[in-house]
Amino acid sequence: MTEVIMPKMGDGMEEGTLLEWLKPEGSAVKSGEVIGTIQTDKATLELESPGSGVLSGILVGAGETVPVGQPIAALLKEGEKLPSGWGNGKAAASPAATPAAPPAGKAEVVEPAAPAQPKAAGSKGRVIASPLAKKIAAEKGISLEGIAGTGPGGRITEKDVMAATSAGSVQMSVPTTPVASSAEDREVPLNRLRQITAQRTAQSKQEVPHFYVTVEVDVEKIQSLRDMFEAEGSGKVSVNDFVIAACIRALREMPEVNATYAGDKIKVYGAIHVGIAAAVDEGLLVPVVKNAHQLTLRELGARSRELVAKAREGKLHPDEMSGSTFSISNMGMLDVDSFSAIINQPNAAILAVGTARKKVVVNEADALEVRQRMNITGSFDHRVVDGAGGARFVNIVKSYLENPTRILQ
């Protein structure tokens, strides 16, 4: 017998939530085959079978959270049965795993059940789809009926839903009876990611003495550079790419900000690993651009976009979500003047970026002109950085953003 345990998907992972089983009890599975999905405090990941056999004795149902290393099911090979007291009586052996005793003189054999197949278009049964695919379908009011799944075992993924939507080949999911409006209160359970986010942000605000510094930045030259790059056919570069690069250069000039409070000392990091806050359906993730100080502007842009895309698809690896030494939260695409971000511990600082807007400003010649401006706000741990240091840091970032050719050098 092989135990299926809650796997450890990162150094900081202590428990995981079983989102769903993709294979029902009694199914024959192969080693490495995806049999379920789990959610850690940082991402939704696939659960792979640790061996081949019949999936049996499932102990954990959808939505349940258990510690790392705890058995959640078992794999039985031919002739094997679940041991007495498996799971401390929490689950009985499935019929496929523990058949009735064979007639005397005949060997006991477990016949593996055929793997469950996804629901075909027009058939009756359960549609096999990822949690994100179901959520997107529900939000768009479409039916999963008839959508061909490209995931493991024909599972419908979020990409399948979006592709079917674009192609116009989906059915709208319309209620058969009118839905009455209601003003009643309702409770929405927190998913695992939001629970962890709530815990960590509350802890950061309670334990870390935050202070904030806001400056307004002229980004007219950045916009001109972006237009020039696009006109030359050298590809798009985002404002956020320049922000990341400017922060890296500021951290090089002020390494004391690229640090963490460690009780009786301050640890200053030699490498710069930048966390990029990314909004996902389940909450907020912070993928990390490792060794960002070694990357060019375009490499920073490509890597950050790759990580954000993986975060939204639930495909980040644990090592891509840990080890940040500084973080950036950009709400520029959300029509926000300015905001103050909560420090992503154990970082000593985070930069919040607002929306770039056209504004009428007074130039150095005391004349009025229209310029692209945006606000950036640094949140600092006062145990590591003092007020003057925070002001100096955001102004160094501002200087690079207002003179972006220095970033290209």
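Given the structure is predicted, the values throughout are model-derived calculations rather than measurements.
- When atom types are taken as modelled, the side chain of R200 and the backbone of Q345 share no donor-acceptor pair closer than 3.5 angstrom.
- One distance of note links CD1 of I342 with OG1 of T197; it measures 10.0 Å at 0.5 Å rounding.
- The closest donor-acceptor contact from the side chain of E33 to the backbone of S49 lies at 3.5 Å or more, if one exists at all.
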Checklist entry - Does the side-chain hydrogen bond (donor to acceptor under 3.5 Å, both in side chains) test come out yes or no for D227 and S224, once each step is laid out? => result CA-CA 5 Å; D227 293 340; S224 297; 5.6 Å; no
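- Not counting sequence neighbours, the partners of H382 by the ring-ring contact (aromatic ring centres under 6.0 Å, His included) test are F211.
- A salt bridge links R357 with D335; the closest basic N to acidic carboxylate O contact falls under 4.0 Å.
- S379 places a side-chain N or O within 3.5 Å of a backbone atom of A341 that can act as its donor or acceptor partner.
- At distances below 3.5 Å, at least one donor-acceptor pair connects side-chain atoms of E220 with backbone N or O atoms of Q372.
- Counting only distance, with no hydrogens or angles, the side chain of R373 and the backbone of E216 share no donor-acceptor pair below 3.5 Å.
- Between the side chain of K23 and the backbone N or O of A28 there is no donor-acceptor pair closer than 3.5 Å.
- For residues 257-279, the pairs satisfying side-chain hydrogen bond (donor to acceptor under 3.5 Å, both in side chains) are N258-T325, with sequence neighbours left out.
- Side-chain atoms of N347 come within 3.5 Å of backbone atoms of S324 as a donor-acceptor pair (strictly under, hydrogens ignored).
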